[in-house]
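Right, one structure below, let's go through it.
Values reported hereafter were calculated over all heavy atoms of this structure, with side chains retained and with hydrogens, waters and symmetry mates removed.
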Amino acid sequence: MEIIAQWMSELKSSSGASGTTDRLLRAKGLKRTQEIAREEKATELFLRAVQEEQNGAVYEAIKFYRMAMQIVPDIEFKINYSRPPDTDRGGGNYMKDNDVDGEIEDLLAYFEQELTLESSFPKICIPELDMTQTHISGTLPREILMYIFRWVVSSELDMRALEQLSLVCRGFYICARDPEIWHLACVRVWGRNCTKVVPFKSWREMFLQRPRVRFDGVYISKTSYIRQGEESLDGYYRAWHHVEYYRYLRFFPDGHVIMLTTPEDPLTVVPRLRTWNTRMDSALLGHFRLSQETDNQTKVFAVVCKKKEEKAAEFQRNRFCRRNPPPEAEHSFHVGLHLSSGGRQSFSKLVWIHHSCHITYKQTGETVVTAFELDRMYSPFLFARVKSYTAFSDQPL
């Protein structure tokens with residue numbers, strides 16, 4: 001009986017172990033089957049995306065690429081496919097035959113066509129998921145939305161923010177390419193005489209490619225030299241001084257400019273140049289204009305002077321002390337700069353071509369002009385973008 005009982009216990013333990021093994025094998029098999037099914041579905045979506053991209057349907061291709069990668073993130077490296085040798089299929093040379101601007105124009109037309117075909121009453125944008133709250137496309141008309149876009153650009157011409165806004169969806173991309181916004185920006189830069197878009201293809205292309213000064217930062221020029229000092233009283237040594245100072249140029253879209261020469265470093269000065277109404281007494285305020293010469297070189301001319309201060313009280317206090325006060329005169333500085341591109345940034349370098357001081361005596365009306373020699377002390381200005389200058393919108397475009 002003991003032998004039979006031992007045999008029965010061994011039989012039960014072996015049957016339990018085999019049952020557990022069978023369950024594990026079935027679970028692994030089911031998991032493998034699910035993985036194969038997901039890879040097959042992802043492969044189908046990925047290959048369809050490739051076909052849509054070859055046919056020129058970029059938006060549809062991106063949609064299928066995204067669906068495939070949501071199922072299997074590394075599906076791109078698990079597919080073995082070869083492109084067909086024929087090149088006669090429509091859109092096969094889509095990326096080769098068109099330049100960058102052509103692609104943007106085709107993409108814009110494609111988005112507009114898609115929105116028109118999706119509904120008889122096309123909306124700016126359509127929510128991707130069902131939501132209980134009111135979506136922006138269902139309440140705001142296009143005119144209101146364009147007014148919001150003008151606030152995004154603001155009076156500081158923050159076109160970088162407009163380009164970032166165009167990445168939200170198809171409708172925002174279309175609104176961000178609206179010719180009226182880019183035309184208004186061009187008028188702010190080049191004046192009301194900017195009425196023809198030629199030789200450029202669009203107002204946006206003109207704003208991006210035509211030489212202009214930048215308003216989203218400050219141009220900085222650093223000058224340093226070594227100056228010999230006085231000899232010591234005992235005659236054993238002579239001091240040498242290392243002199244370093246900065247020049248700052250801050251342009252505004254309305255034609256104003258601030259010029260400042262100071263030994264203070266940019267970390268201290270740049271935040272104080274955000275607005276035209278700066279409280280720095282040493283700052284020179286004035287206006288600038290752009291001039292394009294016959295040699296296709298763009299030059300910047302500016303006239304700056306110190307703030308006008310009321311001197312009536314001072315004259316009243318000193319009228320009994322000084323019988324012959326100095327003649328009243330106005331000092332202004334005329335600056336000429338050549339605009340060029342430096343490094344990767346466009347229109348980021350200003351080279352000196354002229355600097356003079358004009359003194360006008362009020363009693364006689366005589367003007368004395370003193371031109372300064374442009375030596376190595378006049379180092380070029382280099383542009384530095386300042387994010388805080390466009391962080392807030394005070395007025396719409």
Side-chain angles (χ1 to χ4, degrees), residues 152-164 185 188-190 207-208 210-224 243-291 298-307 332-355 372 374 376-395 397:
V152 172
V153 176
S154 76
S155 57
E156 297 293 334
L157 297 184
D158 186 12
M159 310 309 290
R160 179 189 293 267
L162 182 66
E163 292 293 296
Q164 294 176 346
R188 288 293 303 272
V189 175
W190 293 286
F207 186 87
L208 296 178
R210 186 175 175 181
R212 56 178 173 81
V213 293
R214 298 184 58 175
F215 310 114
D216 55 344
V218 60
Y219 290 85
I220 304 175
S221 172
K222 180 181 178 181
T223 303
S224 60
V243 182
E244 184 177 274
Y245 63 93
Y246 298 87
R247 290 188 179 99
Y248 300 90
L249 273 177
R250 168 80 163 106
F251 296 97
F252 295 88
D254 57 358
H256 287 91
V257 61
I258 300 177
M259 185 175 182
L260 177 65
T261 302
T262 176
E264 300 183 41
D265 60 348
L267 190 62
T268 305
V269 176
V270 166
R272 302 165 68 180
L273 297 178
R274 182 182 181 273
T275 61
W276 163 255
N277 298 321
T278 179
R279 296 183 179 180
M280 304 182 69
D281 297 333
S282 57
L284 301 178
L285 310 179
H287 296 79
F288 77 94
R289 64 179 179 88
L290 295 175
S291 175
T298 301
K299 299 178 181 179
V300 183
F301 296 98
V303 179
V304 294
C305 60
K306 294 195 66 174
K307 295 181 180 179
S332 62
F333 296 89
H334 292 229
V335 177
L337 302 162
H338 172 245
L339 180 62
S340 61
S341 298
R344 297 182 179 180
Q345 293 185 348
S346 301
F347 326 125
S348 60
K349 188 176 182 180
L350 292 173
V351 182
W352 289 89
I353 59 176
H354 176 75
H355 189 202
F372 301 106
L374 302 180
R376 62 183 183 88
M377 297 298 179
Y378 287 85
S379 56
F381 290 88
L382 298 179
F383 180 78
R385 179 171 172 259
V386 184
K387 295 182 180 179
S388 61
Y389 286 177
T390 55
F392 302 96
S393 297
D394 297 328
Q395 295 178 353
L397 175 63

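Scanning both residues, Ser379 and Trp352, for their nearest heavy atoms gives O-NE1, 3.3 Å. Between Thr298 and Pro211, the shortest heavy-atom distance links the atoms OG1-CB, 3.3 Å. Closest non-hydrogen pair, His355 versus Phe333, comes out as NE2-CD2, 4.1 Å. Taking all atoms of both residues into account, the shortest heavy-atom contact from Phe288 to Val257 is CD2-CB, 4.1 Å. Shown here for Ser332 and Cys305, the closest heavy-atom pair between the two residues is CA-CB, 4.1 Å. Here the shortest heavy-atom pairing between Phe301 and Ser291 reads CE1-CB, 3.8 Å.
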- Task: Start with the C-alpha distance between Phe392 and Arg274, add both sets of side-chain angles, then the distance that settles side chain to side chain contact (heavy atoms under 4.5 Å, CB included), and finish with yes or no.
- Result: CA-CA 11 Å; Phe392 302 96; Arg274 182 182 181 273; 3.7 Å; yes

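The OG1 atom of Thr278 lies 5.5 Å from the CD1 atom of Ile258; values are rounded to the nearest 0.5 Å. Considering NZ of Lys222 and CD of Glu244, their distance stands at 4.0 Å, rounded to 0.5 Å. To the nearest 0.5 Å, atom CZ of residue Arg212 and atom CZ of residue Phe251 are 12.5 Å apart. In this structure, the separation between CG on Leu337 and CG on Leu290 is 11.0 Å, given to the nearest 0.5 Å. The line from OG of Ser348 to CZ of Arg385 is 13.5 Å long, rounded to the nearest 0.5 Å.
Checked against the 6.0 Å centroid criterion, the rings of His287 and His256 qualify as a close aromatic pair. In this structure, the ring of Phe215 has its center no less than 6.0 angstrom from the ring center of Phe252.
Taking 4.0 Å as the cut-off between side-chain N and carboxylate O, Arg188 and Glu156 do not count as a salt-bridged pair.
Inter-residue side-chain proximity for Asp158 and Asp216 is flagged as unmet; no heavy-atom pair is nearer than 4.5 Å. You'll find the side chain of His338 stays beyond 4.5 Å of the side chain of Leu350, heavy atoms only. Residues Leu260 and Ser282 form a side-chain contact, since some pair of their non-hydrogen atoms from C-beta on lies under 4.5 Å apart. Within the 4.5 Å cutoff, side-chain heavy atoms of Val213 are placed close to those of Val300. A 4.5 Å side-chain heavy-atom check between Arg272 and Tyr248 finds every atom pair outside the cut-off. The shortest distance between side-chain heavy atoms of Tyr245 and Glu264 does not fall below 4.5 Å. Side chains of Ser221 and Tyr378 form no contact here, defined as non-hydrogen atoms less than 4.5 Å apart. Val335 has its side chain out of reach of His354: every pair of non-hydrogen atoms, C-beta onward, lies at least 4.5 Å apart.
A cation-pi geometry, defined here as NZ or CZ lying under 6.0 Å from the six-membered ring centre and within 45° of its normal, holds between Arg250 and Tyr389.
Evaluated for a ring-ring contact (aromatic ring centres under 6.0 Å, His included) with Tyr219, the options Tyr246, Phe383, Phe381 yield exactly one hit, Phe383.
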